[in-house]
2 protein chains.
Amino acid sequence: MDNKRGRVTIREVAEAAGVDRSTVSRAFTRPQMIRPETTEHVLAVAERMGYSPNRLARALSTGRAANLALVVHDLTNPFIPRLIMGVQREADRAGYCIFIGNADENPRDEERLLSRFVSQVEGTILVASRLDSDRVEDFARMGPVILVNRDLEGLPRVLVDYTRGFGEAVRHLTGLGHRRIAYVGGPESSWSNTVRLEAVREAVNTAGAELVLLPAGKASFHAGLNMTDEIVSSDTTAAIAFDDILAQGILAGLHARGVEVPRQYSLIGCDDILGDMTHPALTSITTRAEETGAAAFRLMVERITAPDSVPERHFLTSDLVLRSTTGPAPDKSPRIVS
Amino acid sequence: MDNKRGRVTIREVAEAAGVDRSTVSRAFTRPQMIRPETTEHVLAVAERMGYSPNRLARALSTGRAANLALVVHDLTNPFIPRLIMGVQREADRAGYCIFIGNADENPRDEERLLSRFVSQVEGTILVASRLDSDRVEDFARMGPVILVNRDLEGLPRVLVDYTRGFGEAVRHLTGLGHRRIAYVGGPESSWSNTVRLEAVREAVNTAGAELVLLPAGKASFHAGLNMTDEIVSSDTTAAIAFDDILAQGILAGLHARGVEVPRQYSLIGCDDILGDMTHPALTSITTRAEETGAAAFRLMVERITAPDSVPERHFLTSDLVLRSTTGPAPDKSPRIVS
DNA sequence: TAGAGTTACGCAACCGGTTGCATAGCGAAG
DNA sequence: CTTCGCTATGCAACCGGTTGCGTAACTCTA
């Protein structure tokens with residue numbers, strides 16, 4: 001029962017059960033190939049000895065590791081844990097294990113992580129990758145890659161269609177009388193930022209309102225806080241922020257400057273990860289983090305089982321979730337001053 | 001260059017370089033064993049062919065996987081991503097990859113994850129495990145286990161010594177005139193909750209103040225929100241919450257009931273993960289999430305390299321971080337009513 | 001220049017599984 | 001009772017590395 005490494009191996013089970021190693025292997029992986037009594041006997045012996053197949057050895061010989069890598073741009077963004085949970089829920093059922101890598105918005109780190117994972121996973125899910133397209137394609141040549149929140153021709157990807165969510169958000173605001181609306185932008189290198197901006201621009205045009213662009217550059221609480229001055233002096237009455245974290249910072253900044261939300265200013269976030277944790281509770285555009293993760297996993301399985309299928313572009317819809325940070329546009333006359 | 005699996009193998013490099021596979025292997029892992037020119041030549045050929053060693057195969061033959069499992073109780077708690085980043089920072093340098101498993105407060109899930117990881121990792125870090133001691137010890141027999149925020153004799157563990165942080169917190173409150181202080185408890189099954197309560201109890205006794213125990217049971221925003229009534233009717237003037245998330249809920253609840261913080265009520269959180277994101281910014285007891293993760297990894301390495309060393313109990317200290325949710329105790333006379 | 005010691009490398013076994021192929025043993029058909 | 005075909009199992013190669021051991025070639029000493 002004890003070899004030098006401590007764990008029970010297939011050979012020991014085979015000897016104890018009086019069969020060949022291949023029979024033990026088949027009892028676990030292809031029971032229909034062998035007699036039911038044999039399977040039963042082998043499994044009983046294995047159970048008694050506390051045997052379970054070594055996933056490493058199995059992966060080496062089959063070429064299927066039943067692991068996958070999930071590389072994310074920023075672990076501290078609460079969107080990410082939710083997405084991870086979505087991936088894991090699906091992965092769990094399929095018996096997969098997940099490696100996590102935090103690229104920390106840094107392409108070099110991202111690449112290092114990827115190459116460290118590549119030989120022990122069946123595929124990689126890249127969330128909001130900051131790698132340039134060529135590098136992504138290089139990696140995609142080494143194994144299945146699923147992109148999340150990044151749109152690259154030829155690769156399966158799960159994306160959010162922002163038209164509905166941002167459309168609803170803008171119509172909601174214009175319905176409340178807002179005519180000049182700010183979009184507070186996130187990371188320039190992020191696909192999400194580009195398309196969110198596009199969605200808001202289109203919605204604002206359609207509504208015949210006016211858009212003011214205020215790039216924060218980063219999606220962090222402090223970036224939001226630091227944008228407050230610009231927002232206040234932008235002559236807008238409402239803003240849509242790149243994401244909830246940024247919005248949270250803006251909310252804090254507005255409060256600090258004595259601007260009441262939503263009486264004097266309306267604010268909408270995106271990703272819907274804060275629920276009612278802010279005060280007032282943040283109205284937000286939901287992007288379904290868990291569903292996103294689950295969809296990415298399903299695309300991965302599809303890719304693995306049918307590598308030659310046409311790479312699918314999977315779209316999730318977005319919706320406005322109304323809470324308490326939006327209200328009627330204030331009268332223009334009494335301008336807000338610091 | 002291409003076998004059926006697409007990746008370049010050591011054999012192909014060996015043939016191309018005109019040496020044995022073992023020489024290629026040594027060029028990568030034991031260059032001092034072979035002539036510098038040979039190493040150089042082999043590495044050049046490998047580089048040109050785009051070869052990199054297969055970690056699976058290496059792990060199988062050496063018994064060292066250079067992977068580790070990190071199983072956490074609740075991914076959505078912002079403390080966890082920080083801790084993960086701490087582990088990863090260290091793991092990265094050492095060339096390790098990290099599997100993540102979210103047990104979701106469920107011992108059965110936790111166990112399933114563990115057994116799925118066990119054959120492909122060198123060790124496991126268990127964060128606030130909800131498994132009963134026997135099961136943990138069973139697993140510890142299969143490979144190195146490091147515990148975080150769980151105190152089990154015989155296993156290396158990283159724990160936080162709360163005496164200083166909670167001592168400072170309580171002295172801070174009593175210094176402000178608070179005499180009756182509430183502790184809003186977290187998950188009953190959590191070691192952290194037990195010792196935090198113990199620390200606060202001792203500090204309150206020492207200070208000659210009075211402690212009121214209000215168990216919330218869970219550490220979530222809503223659990224905090226729901227505790228507000230009890231807090232308001234508890235005749236206390238200040239509370240220390242099990243963690244920041246719970247405190248955030250309480251803060252929201254107090255606000256909703258029109259109780260001004262800190263003018264009418266003082267509140268302190270724990271873990272210091274929210275920074276100044278709340279309003280008012282939450283005073284908190286820091287428990288150094290990233291350092292905790294880093295320390296866990298270091299203990300793991302120690303465990304792997306010297307399995308017979310005495311299991312170390314690594315303590316991190318805690319400190320009070322003053323922000324804006326604490327103030328002088330209000331006059332008792334005008335009681336706060338809903 | 002022969003013998004001893006050292007160095008750099010090759011050979012082959014091994015890690016723990018999986019799987020294509022060969023075959024023994026069986027029941028059915030002729 | 002032979003022949004055929006099928007089924008359950010064993011044999012052995014293989015996945016892609018690592019490593020103990022053996023040895024040819026070289027350096028050093030006498």
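Order of the sequence lines sets the chain letters (A, B, ...), proteins ahead of strands, with each chain counted from 1. Quick note: numbers below take in every heavy atom, side chains included, and nothing from hydrogens, waters or symmetry partners.
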Describe the nucleic acid contact of [X] in one word from base, sugar-phosphate, nothing, applying a heavy-atom distance below 4.0 Å.
| X | value |
| --- | --- |
| B:Arg55 | nothing |
| B:Val19 | sugar-phosphate |
| A:Phe28 | nothing |

Which nucleotide sits closest to the side chain of [X]: [options]?
| X | options | value |
| --- | --- | --- |
| A:Thr38 | C:dC9, D:dT19, D:dA8 | D:dA8 |
| B:Ser25 | D:dT19, C:dA13, C:dG17 | D:dT19 |
| B:Thr62 | D:dT9, C:dT18, D:dT19 | D:dT19 |
| B:Asn54 | D:dG16, D:dT19, C:dG17 | D:dG16 |
| B:Arg26 | C:dG16, D:dG20, D:dT9 | D:dG20 |
| B:Arg21 | D:dG17, D:dT9, C:dG10 | D:dG17 |

[X] side chain near [N] phosphate (N/O to OP1/OP2, under 4.0 Å):
| X | N | result |
| --- | --- | --- |
| A:Arg11 | C:dT18 | no |
| B:Thr23 | C:dG10 | yes |
| A:Arg64 | C:dT19 | yes |
| B:Arg35 | C:dC9 | yes |
| B:Arg58 | D:dG16 | no |

Would you kindly give the [atom1]-to-[atom2] distance between [X] and [N], to the nearest whole Å?
| X | N | atom1 | atom2 | value |
| --- | --- | --- | --- | --- |
| B:Tyr51 | D:dG16 | OH | P | 10 Å |
| A:Ile34 | D:dA8 | CD1 | P | 9 Å |
| B:Leu56 | D:dG16 | CG | P | 10 Å |
| B:Arg30 | C:dT7 | CZ | P | 17 Å |
| A:Met33 | C:dC21 | CE | C1' | 11 Å |
| B:Glu40 | C:dC9 | CD | C1' | 18 Å |

Nearest-nucleotide 5' precedence on DNA chain C, A:Asp20 against B:Gln32: B:Gln32
Nearest-nucleotide 5' precedence on DNA chain C, B:Leu60 against B:Pro36: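 Per heavy-atom nearest nucleotide, the more 5' residue is B:Pro36.
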B:Val136 vs B:Ser129 side-chain heavy atoms within contact, under 4.5 Å: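 When only atoms from C-beta onward are counted, B:Ser129 and B:Val136 do touch, with a gap below 4.5 Å.
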Donor-acceptor contact below 3.5 Å, side chain B:Glu122 vs main chain B:Ala65: yes
Side-chain donor or acceptor of A:Glu291 paired with backbone N/O of A:Arg288 under 3.5 Å: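 Side chain of A:Glu291 to backbone of A:Arg288: no pair is present.
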Polar side-chain contact B:Ser22-C:dC11 base: donor and acceptor under 3.5 Å: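 Pair found.
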Residues A:Arg130, A:Glu110: salt bridge by 4.0 Å N-O rule: no
A:Arg135/A:Asp132 salt bridge by N-O under 4.0 Å criterion: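 Looking at A:Arg135 together with A:Asp132, the answer is no, because their closest N to O distance does not fall below 4.0 Å.
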ring-ring contact (aromatic ring centres under 6.0 Å, His included) assessment of B:Phe28 paired with B:Tyr51: CA-CA 11 Å; B:Phe28 278 89; B:Tyr51 168 79; 5.4 Å; yes
